[in-house]
There are 4 protein chains.
Amino acid sequence: MNEGLNKVILMGNLGADPELRYTGNGTPVLQLRMATNESFVDKNKEPKERTEWHNIVFWGQRAEALAKVLTKGDGVLIEGGLRTSSYEKDGIRRYRTEVIARDLRFTGRRALAQPPPGLEDDGEATQPGTGVPTTARLGKNGARGRPPEGPALDELPY
Amino acid sequence: MNEGLNKVILMGNLGADPELRYTGNGTPVLQLRMATNESFVDKNKEPKERTEWHNIVFWGQRAEALAKVLTKGDGVLIEGGLRTSSYEKDGIRRYRTEVIARDLRFTGRRALAQPPPGLEDDGEATQPGTGVPTTARLGKNGARGRPPEGPALDELPY
Amino acid sequence: MNEGLNKVILMGNLGADPELRYTGNGTPVLQLRMATNESFVDKNKEPKERTEWHNIVFWGQRAEALAKVLTKGDGVLIEGGLRTSSYEKDGIRRYRTEVIARDLRFTGRRALAQPPPGLEDDGEATQPGTGVPTTARLGKNGARGRPPEGPALDELPY
Amino acid sequence: MNEGLNKVILMGNLGADPELRYTGNGTPVLQLRMATNESFVDKNKEPKERTEWHNIVFWGQRAEALAKVLTKGDGVLIEGGLRTSSYEKDGIRRYRTEVIARDLRFTGRRALAQPPPGLEDDGEATQPGTGVPTTARLGKNGARGRPPEGPALDELPY
DNA sequence: TTTT
DNA sequence: TTTT
């Protein structure tokens with residue numbers, strides 16, 4: 001089987017507060033409704049806007065931590081993959097496509113706020129010399145809290 | 001309006017031959033069924049594979065040109081954006097999420113084949129010094145036919 | 001040889017007006033200087049900002065068309081691939097990494113402006129029912145001018 | 001500040017074993033040399049191949065864990081952002097562009113192997129019902145170990 | 001050297 | 001149902 005790629009990147013806003021649920025298993029599931037906006041000029045040269053709505057899902061500890069910090073209207077950047085599931089309702093097979101999210105980062109006004117409080121709940125240890133970003137990637141690795149550029153240049157070993 | 005981002009990147013294979021249709025308008029629409037494969041190790045440390053299926057759509061001239069060259073099984077890289085449309089069927093509102101594709105590039109065995117014949121049909125002129133790639137981006141700009149790295153280094157103007 | 005992926009997506013602003021040059025060959029080359037900004041909270045919980053600067057290059061007809069419409073300060077979304085070239089200067093081998101761009105789309109205030117005038121210069125024909133987007137993708141395929149979602153839903157053939 | 005996007009996605013192979021170093025600070029830094037391959041047809045319709053080489057850097061705990069499991073030749077998918085740093089050498093200012101990596105996932109033959117041993121070293125706890133993927137994302141969140149599609153459909157709470 |  |  002050839003390893004493939006199934007990648008989605010969305011930048012937009014939450015259209016509603018997040019909804020946290022639990023599977024029968026006890027696994028947390030967070031569902032987000034997210035808008036991405038697009039501007040364009042139509043065939044009559046009139047400026048137009050269009051909004052696309054997306055179903056975003058976070059699983060596991062991330063779901064719980066994000067539930068505490070996300071609010072309707074937040075500007076966010078989401079990365080994940082597509083998943084379409086099917087289910088039967090009223091004797092009819094239906095399909096639902098979601099973005100299974102792996103990362104979330106604040107954009108807009110919250111990008112300069114304190115790091116989301118829920119994130120420290122699961123024992124994040126900030127490494128010496130590590131910046132705490134406004135990202136909400138919930139791995140416990142202190143390094144993930146560093147902005148993408150790493151330590152100051154003057155401490156580079158090369 | 002906050003300009004956002006709605007981006008999908010998929011690498012995988014076509015599960016069927018493409019289907020070309022036309023709107024009432026006469027606009028060509030190409031529909032592809034594409035699989036992306038993923039490997040992982042499950043909770044019992046057993047290697048597993050999973051396939052996700054995607055609905056891909058090309059609009060316009062690209063739809064027609066690609067219809068001529070794509071075949072079931074082809075390895076492709078697709079870029080586009082998500083679009084969910086709703087329609088009524090049997091008195092029930094249904095939703096369908098598709099990837100509206102903007103680019104397609106062959107991967108795998110066809111990446112080294114000749115450029116897709118359909119692509120020359122719309123008058124591609126290859127510029128002097130321009131490689132013709134195995135990409136099926138259908139703009140007529142000769143430059144698009146150049147591999148992403150541009151001309152040979154010794155003809156750089158800087 | 002395994003087909004790989006070499007993909008860069010940048011959203012930010014031009015730090016200077018674009019520079020158009022020509023190779024010995026006569027091939028147009030457009031160089032852009034682009035900033036991407038990032039906000040984060042540092043280890044002392046102070047909000048910080050950081051700017052990364054990128055060298056962007058367009059080749060061919062796109063270079064010329066974009067040269068006419070891009071201005072210092074413009075908000076843009078760029079897609080392309082990395083290319084590092086090496087050259088000798090003062091007897092020393094040096095390296096320069098650039099993003100070889102394949103697409104550019106306006107974000108921010110220009111996203112709702114008229115389509116860039118330079119773009120019609122190369123004979124764009126707008127298809128019936130096709131919106132003209134604020135994107136500056138320079139393929140001549142009318143379909144590329146359609147927003148990512150295609151025609152209105154009521155003209156879908158399915 | 002305008003929050004931007006600085007995103008790189010590469011799929012290819014390691015050209016050498018990884019090199020692990022430490023900053024004066026003690027922060028681990030892992031450097032990878034990675035090739036991405038591209039196939040195209042040149043202006044004479046001859047099939048050609050081209051390889052681009054990239055400098056990849058991981059910081060922090062991830063650097064150490066990955067150092068244990070990566071080997072020359074490995075097929076990997078890397079995600080990160082661009083960072084160009086400047087330094088003085090022989091009285092000349094030089095620039096070096098790197099991809100500051102945030103994620104790594106195996107592709108190819110290792111995608112079905114056991115999860116990288118180094119990864120358990122930092123206390124990974126697999127959640128009930130959670131698959132352990134072949135990804136080397138080093139957050140300690142058990143959820144990250146789930147394939148992008150989440151739990152089985154029959155345990156969905158909706 | 002950009003942007004808000 | 002979001003955002004500017």
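All chains are named by letter (A, B, ...) in the order of the sequence lines, taking the proteins before the strands, and each is independently numbered beginning at 1. Just so you know, these numbers come straight off a predicted model, no measurement behind them. Only heavy atoms go into these numbers, but all of them, side chains included; no hydrogens, no water, no symmetry mates.
- The structure places CG of A/L30 at 12.0 Å from NZ of A/K68, a figure rounded to the nearest 0.5 Å.
- Partner C/M34 forms a side chain to side chain contact (heavy atoms under 4.5 Å, CB included) with one of C/N55, C/L104, C/V76 and no other, that one being C/V76.
- Between C/E49 atom CD and E/dT2 atom P there is a gap of 14 Å when expressed in whole angstrom units.
- Distance C/L70 CG to E/dT2 C1': 13 Å, rounded to the nearest Å.
- Out of F/dT2, E/dT2, E/dT1, the shortest distance to the side chain of C/R33 is found at E/dT1.
- One interatomic measurement links the two molecules: CG of A/L10 to C1' of F/dT3, which rounds to 15 Å at whole-angstrom precision.
- Picking from E/dT1, E/dT3, F/dT2 the nucleotide with the shortest atom distance to the side chain of C/N13 gives E/dT3.
- Looking at C/D74, its side chain has no donor and acceptor atom pair within 3.5 Å of the base of E/dT2.
- Atoms CG (A/D17) and P (F/dT3) sit 11 Å apart, rounded to a whole Å.
- Atom-to-atom, NE2 of A/H54 to P of F/dT2 comes out at 15 Å; the value is rounded to the nearest Å.
- Note on residues 9-20 of chain C: pairs passing salt bridge (Lys or Arg N to Asp or Glu O under 4.0 Å), not counting sequence neighbours, are C/E19-C/R21.
- The side chain of C/K72 has E/dT1 as its nearest neighbour among E/dT1, F/dT1, E/dT3.
- Interatomic distance, B/L5 CG to C/T107 OG1, rounded to the nearest 0.5 Å: 10.5 Å.
- Counting only heavy atoms from C-beta on, A/W53 has its side chain closest to F/dT1 among F/dT3, E/dT1, F/dT1.
- Atom CD1 of A/I78 is separated from atom C1' of F/dT3 by 15 Å (rounded to the nearest Å).
- A straight line from OH of B/Y95 to P of F/dT1 spans 13 Å, rounded to a whole angstrom.
- Regarding A/L32, its CG atom lies at a distance of 13 Å from the C1' atom of F/dT1, rounded to whole Å.
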